[in-house]
Structures are given as structure tokens and as C-alpha cells.
Amino acid sequence: MKNKSIEIFETIMHSVMKYFKWVVVGSVALIVLTGVYKVDSNEVAVVLRFGKLVGTTTEEQIKDPGLHLAFPYIIDEVIKVPVETVQEITVETHYSADTAINRNIKTGGYVITGDSNLVLIRSVVKYKVSDPVRYALYINEINEMVTGVVSGETVPLVTSMPVDSVLTTEKTKLSGDLKKNVQEVLNELDCGITITNIELTNVIPPNETKDAFDAVNTASVKKQTLIQEANDYTESKIPKAQADSDSLVSEAKKNQSEKIAKANDEVAEFNGLYEQYKANPEVVKNGVFRSRVSKVLKDAGATIIVPDGEEGAKVILP
């Protein structure tokens, strides 16, 4: 009976050991296969071996798209970096979901403008990876880093601007300045990313002050409308006035030329008549007299008989 039990035990152990070897072989194969990895076309990869970066040069550290081999996961950690993908982070440090003033800074906040008004600001930060190695070392902290830098750089910019500029006229400039300042700080931190754009998706007054802001904005729009209408009126009137002025000046110059020409003609006629007068005073005098009287009578439309100084003789003038 004892021998039979031993035989059964040995049979069981033999079966267990037989399958255990296959389990071990399968486990080893799976572990080895974890070292085979694929890098997609929009990615590169870096490998950490026991937490230390593999490779001494950039070419050795960065794995291009394709299939690669590494040690099993327990030894090597493969970090894939989406270098061709534009990534987004929403920053709501100075914003609250209900658009009201939230005094709990952990769940939302606000910014005070240069003229002591309150605004809520939500922004979307877009970035691409510029240094895969540096990015891989910060990958677990990058969102917190970017959020912190954007939040910190937003405050000094907004506090130097009046509220109207923040909400309307200088909003685009604020976005550009914020992008520049954030990039400078991130470069100092050397985290391996490039900011492609910062969009201020919501820049609004809190609910508590919304009515007052709306009234100010309405007045501002009306002001701009009136200014535009005045400019349009000016632009329509000035060209017409200029055209009228040019026309009057041209007419005056034409009239001046005609008057001068007529005066010159009369001077020339007088000079010619004067020369004749010096040679034959009586003839010229009578001729001029007859010419002028004839013109007067012609204009009067009558015929007058005038004595010539001798009794009985008559001179008929038309």
C-alpha cells in the first residue's frame, strides 16, 4: 500500500515538473518578447536601463520609427515620445467653472487687472516635443510644469494692463506675450518642448461684475461706431470739398486769364490810337467821338439829327 502511494506521488510530481518546464519556458519567452517594441512614424523612443538613459550620444539615445529590441521590461523601460504630435494642456488656474469668484484657490481663481478689476482666464496651451531625451525625463511632470509656468506668467502680464485691454483690444497681444514669456521659462527649465500657441479661450468678468462690464462694452462699441461714422462722413465730405475748391480755383484762373487778355487788347488798342492822335488829333477825335456816339445810339435803338455847327447843315447819325 505504501509503495502504491509513493508511485502515485511520483507520477503526480513527474507530471507537474513536465508542465512546469513548459510554463517556465513560456514565461521566459514572454519576458523576452517584451523587449521587442515598435516605434510609430510620428514617434521616437528612448530606453531607460535600470532607470538610466541608454546611449552616450543623441543618435544612440533616440530610436527612430521601426522595430527595435531591448532587454525585458524588468530591465529596460521604453518611453515613446510623440515628436510629430501637437499636444494640448488646458490651464484653468485663474478660472472657475461657474464663472463666479471662487475664493478656494485650489479649485479656481481669478486675476486682478492693472486698474483693479477682476477677470477669469482659461487658456489652451499647444506644444510639440523638441528634445525627446529631455522630455522623456520630465514626462510624468510636464503637464504640471507647463500649467505652473503659464499660471505664473499670466499674472504679471494681466496686472500691467487695464481691464478693457485684457478683454478686447489687447487680447491678441496678451496671448503673444504670454507665449514668449512661457517659452523663455521652459527653455531655462530645459524640459524639451516648444510652445506652438497659447489661445485664451475664455477671458471674461466674473458673474458678480458681468452687468457692469456689459454696460461698459456696449458703450465702447457705441463709441467706436460713432467714431467710424464720423470718419466715414469726413471721408465723403473732404473729397467733394476739395473737388469744389479745385473747380473754383480753376474757374478763377480762367477768368483771370480772360481779364488780363482783354486788358492787354485794350491797352494795345489805346496805344495804337494814341499814335494816330499825335499825328492827326482832330481826325482821330472826330472819329472816336462818332464811334462812341454811334454805339450809344445803336444800343438805344433811335436816330437823332445833330447840327454840325453851320446854319442849315445837318449830320445824320445812325
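Start at 1 with the first residue, then count along the sequence. The shown structure was predicted, so the numbers you read here are calculated from the model rather than taken from an experiment. The analysis underlying the following values was restricted to heavy atoms, covering all of them including side chains, and did not include hydrogens, waters or symmetry mates.
Taking all atoms of both residues into account, the shortest heavy-atom contact from Thr234 to Pro239 is O-CD, 4.1 Å. Residues Asp115 and Thr113 come closest through the heavy atom pair OD1-OG1, 2.6 Å. Closest non-hydrogen pair, Ser151 versus Thr147, comes out as OG-O, 2.8 Å.
Judged purely by atom type and a 3.5 angstrom limit, Thr201 uses its side chain to pair as donor or acceptor with the backbone of Arg122. Using modelled atom types, no side-chain atom of Gln242 and backbone atom of Ile238 make a donor-acceptor pair closer than 3.5 Å. The backbone N or O of Gly192 lies less than 3.5 Å from a partner atom in the side chain of Ser130, making a donor-acceptor pair. Side-chain N or O atoms of Ser245 include none that pairs as donor or acceptor with a backbone N or O of Ala241 at under 3.5 Å. Not one N or O on the side chain of Ser250 forms a donor-acceptor pair closer than 3.5 Å with the backbone of Asp246. Thr159 contributes a side-chain N or O that, together with a main-chain N or O of Pro156, makes up a donor-acceptor pair within less than 3.5 Å. Between the side chain of Asp76 and the backbone N or O of Phe71 there is at least one donor-acceptor pair closer than 3.5 Å. Without hydrogens or angle criteria, Ser247 side chain to Ala243 main chain gives no donor-acceptor distance under 3.5 Å.
Under the 3.5 Å distance criterion, with hydrogens and angles disregarded, no donor-acceptor pair is assigned to the side chains of Thr57 and Gln61. No side-chain donor from either of Asp40 and Asn42 sits under 3.5 Å from a side-chain acceptor of the other. Between the side chains of Asn231 and Glu235, no donor-acceptor pair is found at a separation under 3.5 Å. Of the N and O atoms on the side chains of Glu251 and Asn255, not one donor lies less than 3.5 Å from an acceptor on the other residue.
By the 6.0 Å contact criterion, NZ on Lys173 is open, its count of non-hydrogen atoms from other residues, nucleotides or ligands being 12 or less.
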Exercise. Start with the C-alpha distance between Lys63 and Val46, add both sets of side-chain angles, then the distance that settles side-chain contact (heavy atoms from CB on, under 4.5 Å), and finish with yes or no.
Key: CA-CA 6 Å; Lys63 311 300 180 184; Val46 297; over 6 Å; no
Item to complete: For the pair Thr194 and Tyr127, evaluate side-chain contact (heavy atoms from CB on, under 4.5 Å) and give the outcome as yes or no after the intermediate values.
Response: CA-CA 5 Å; Thr194 298; Tyr127 71 89; over 6 Å; no
Inset, instruction - Run the numbers on Asn117 and Ile112 for side-chain contact (heavy atoms from CB on, under 4.5 Å), then give the verdict. - result: CA-CA 6 Å; Asn117 286 283; Ile112 301 176; over 6 Å; no
Evaluate side-chain contact (heavy atoms from CB on, under 4.5 Å) for Glu153 paired with Val185, printing each intermediate quantity in order. CA-CA 9 Å; Glu153 293 302 316; Val185 175; 3.6 Å; yes
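Within the 4.5 Å cutoff, no side-chain heavy atoms of Thr85 are placed close to those of Lys128. Annotation: side chain of Thr218 is not in contact with side chain of Lys222 (no heavy-atom distance under 4.5 Å). Within the 4.5 Å cutoff, side-chain heavy atoms of Pro82 are placed close to those of Gln87. Within the 4.5 Å cutoff, side-chain heavy atoms of Leu174 are placed close to those of Val166. Using a 4.5 Å heavy-atom threshold, the side chains of Val78 and Val39 count as separate. Counting only heavy atoms from C-beta outward, the side chains of Val83 and Glu43 never approach each other to under 4.5 Å. Between Val125 and Thr90 there is no side-chain heavy-atom pair separated by less than 4.5 Å. When side chains are defined from C-beta on, Ile198 does not count as touching Lys126, because their heavy atoms never get closer than 4.5 Å.
Salt-bridge formation is not detected for the pair Glu258/Lys262: no Lys NZ or Arg NE/NH1/NH2 atom is positioned less than 4.0 Å from an Asp or Glu carboxylate oxygen.
With rounding to the nearest 0.5 angstrom, the NZ atom of Lys38 is 8.5 Å from the NZ atom of Lys80. The line from CD1 of Ile204 to CG of Leu167 is 9.5 Å long, rounded to the nearest 0.5 Å. From Arg134, atom CZ reaches atom CD1 of Ile142 across 10.5 Å, with rounding to the nearest 0.5 Å. Between the CG atom in Leu186 and the CD1 atom in Ile195 there is a gap of 5.0 Å [rounded to 0.5 Å]. Taken to the nearest 0.5 Å, the CG atom of Asp177 stands 6.0 Å off from the CG atom of Leu157. The CD atom of Glu88 sits 8.5 Å away from the OG1 atom of Thr196 when rounded to the nearest 0.5 Å.
The same ILVMFWY cluster, assembled from side-chain heavy atoms under 4.5 Å apart, contains both Val44 and Leu48. Val146 and Val124 are assigned to two separate hydrophobic clusters, defined by single-linkage of ILVMFWY side chains at heavy-atom distances under 4.5 Å. When hydrophobic clusters are built by joining Ile, Leu, Val, Met, Phe, Trp and Tyr residues whose side-chain heavy atoms come closer than 4.5 Å, directly or via intermediates, Leu189 is grouped together with Leu178. Side-chain heavy atoms closer than 4.5 Å link hydrophobic residues (I, L, V, M, F, W, Y) into clusters, and following such links, possibly through other members, connects Ile193 to Leu53.
Considering Val182, Asn181, Thr93, Ile89 in turn, Val182 is the only one that fulfils the side chain to side chain contact (heavy atoms under 4.5 Å, CB included) rule with Val150. The one candidate from Val158, Val119, Leu120, Val111 that meets the side chain to side chain contact (heavy atoms under 4.5 Å, CB included) condition with His94 is Val111.
Remark: aromatic rings of His68 and Tyr37 are close, center separation under 6.0 Å.
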